[in-house]
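Since the structure comes first, as structure tokens, the remarks are kept for the end.
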Amino acid sequence: MQDYFKNIPEIKFEGENSDNPLAFKFYDENKTILGKSMKEHFRFATCYWHTFTWPGLDPFGGQTFERPWMGNADPIKMAEQKLNCAFDFFTKIKTPFFCFHDRDIAPEGSNYKETQKNFMHIIDLMEYKIEETGMKLLWGTANAFSHKRYMSGASTNPDPEVFAYKAAQVKDCMDATLRLGGQNYVLWGGREGYETILNTDMSKEMDNLKRFLELVVNYKHKIGFKGQILIEPKPHEPTKHQYDFDSAACLAFIRKAGLEGEIKLNIEANHATLSGHNYEHEIAYAIANDALGSLDINRGDTLIGWDTDQFPNNPADLIMAFYFIFSNGGLGNGGLNFDAKIRRQSIDPEDLFYAHIGGMDVCAKTLVAVEKLIDDNVIPKFIKDRYSDWDGELGKYIHNKDSSLDSIHQRVIDNDIDPKTRSGRQEYLENIINKYL
Ligand code: XLS
Ligand code: NI
Ligand code: NI
């Protein structure tokens with residue numbers, strides 16, 4: 001049913017004084033800010049899985065959404081309908097990009113060949129839709145975690161047949177991503193971790209995961225895919241101990257595999273908080289290691305300890321994350337993917353629009369604040385000053401290759417070094433940030 005969103009107009013910018021719930025108040029795609037249009041900065045993407053595939057279930061209850069493509073009819077027909085409605089949604093909400101998992105767009109068949117056929121059928125139609133609408137694919141990814149074959153892991157499964165199955169799935173999905181002009185390819189570790197050490201050979205699992213990453217990178221070069229390969233860190237859920245816990249754990253792994261520069265990170269807000277960090281920490285860590293690839297944007301709930309994947313709604317949660325991104329050259333080939341879902345009580349078609357409009361507006365509002373923060377240069381000035389002694393004689397001496405632990409020891413004694421404490425000025429800085437919000 002192509003007309004599921006028929007009562008919804010194309011969403012336009014109407015400005016702060018508009019009361020129209022189906023209009024942008026802050027996101028003006030053509031507005032220039034920090035030298036580029038908002039559209040070019042954000043590279044927003046709608047995700048296929050939460051927006052069109054998730055039926056509204058939670059651990060205690062089943063489907064709440066009744067979408068026309070979620071019925072019991074022929075699964076291929078349903079997938080075709082879903083595709084049509086998804087592209088109708090994309091062109092109305094006007095995120096220039098979208099993202100999908102292979103299993104979001106097409107159903108599994110009774111064997112691998114049939115599954116592949118289903119997938120390719122929808123990819124054919126999708127290629128046509130992309131041409132027709134001008135939509136772009138931010139990234140593709142394979143779902144190697146939902147089916148029961150993956151219950152003990154995908155590339156970290158004790159059974160090499162599961163590894164091979166995932167490898168086949170990823171090959172097909174990389175081919176499709178290349179064909180659709182996808183700008184990145186994402187690997188989220190899903191079940192790449194373990195539940196209990198009692199049945200787990202951790203060293204073998206990590207070796208196999210490393211092998212998988214090598215195969216992916218080799219294949220990327222073989223087919224001439226120019227996009228970035230990204231790992232998406234997440235600390236737990238579904239497994240207890242995930243090998244891709246946070247940016248630091250992923251980077252350690254990427255380095256162990258010798259794939260530095262080949263694989264970057266796709267960082268998600270709610271995953272950051274679940275790992276005990278925040279979004280800006282994970283982003284700044286990636287930037288400091290030249291590994292920022294793309295972002296999944298959402299938020300958790302402070303009172304619920306799991307990945308609620310809600311739409312962002314507070315500039316204070318985003319300002320420092322955006323500050324790091326946009327004072328470091330922006331998102332490059334990455335984008336902001338709304339890996340976010342509406343609440344299961346939000347059952348109407350308009351609810352999907354309200355959520356995305358709110359998310360895009362909150363990002364736009366934050367970017368306006370960030371532009372001023374960057375222009376005023378207060379934070380870098382403060383930080384530069386705080387570390388300025390490293391440009392002095394002692395700072396240089398410590399980094400001189402001729403210095404040693406004992407020569408530094410001697411200097412402390414000879415010069416009677418006795419460090420004075422200095423305020424970190426946290427509250428002072430927090431007050432400055434509040435001025436911009
Ligand atoms: C799940 C992940 C997932 C990835 C893509 O928690 O965020 O949605 O972004 O597999
Ligand atoms: Ni998530
Ligand atoms: Ni995600």
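Both ligands and their constituent atoms are indexed starting at 1 by order of listing. The model shown is predicted, which means the values in this text are computed figures rather than measured ones.
- Seen from the ring of Tyr4, Arg67 does not count as a face-on cation partner, given the 6.0 Å and 45° thresholds.
- With sequence neighbours excluded, the residues that form a salt bridge (Lys or Arg N to Asp or Glu O under 4.0 Å) with Glu237 are Lys234.
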Step by step, work out the side chain to side chain contact (heavy atoms under 4.5 Å, CB included) result for Thr91 and Phe5.
CA-CA 11 Å; Thr91 49; Phe5 298 117; over 6 Å; no
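- Counting heavy atoms from C-beta on, the side chains of Tyr150 and His147 come closer than 4.5 Å.
- Using a 4.5 Å heavy-atom cutoff, the side chains of Met320 and Asn278 are not in contact.
- Cation-pi check for Lys166 over Phe212 is met; the charged atom lies under 6.0 angstrom from the ring centroid and within 45 degrees of its normal.
- The Ni ion (ligand 2) sits nearest to atom OD2 when only the N, O or S atoms of Asp307 are considered.
- Counting only distances under 2.8 Å, and ignoring water, the protein N, O or S atoms around the Ni ion (ligand 3) are Glu232 OE2, Glu268 OE1, Asp296 OD2, Asp339 OD2.
- Between Arg299 and Asp307 there is no salt bridge, since no side-chain nitrogen of the basic residue lies less than 4.0 Å from a carboxylate oxygen of the acidic one.
- The side-chain heavy atoms of Trp54 and Arg344, taken from C-beta on, include a pair separated by under 4.5 Å.
- Phe42 is not listed as a side-chain neighbour of Met360, based on a closest heavy-atom distance of 4.5 Å or more.
- Within 4.0 Å of ligand 1, protein heavy atoms come from Trp49, His101, Trp139, Trp188, Glu232, Lys234, Glu268, His271, Asp296, Asp307, Asp339.
- For Glu268, there are no salt bridge (Lys or Arg N to Asp or Glu O under 4.0 Å) partners at least two apart in sequence or on another chain.
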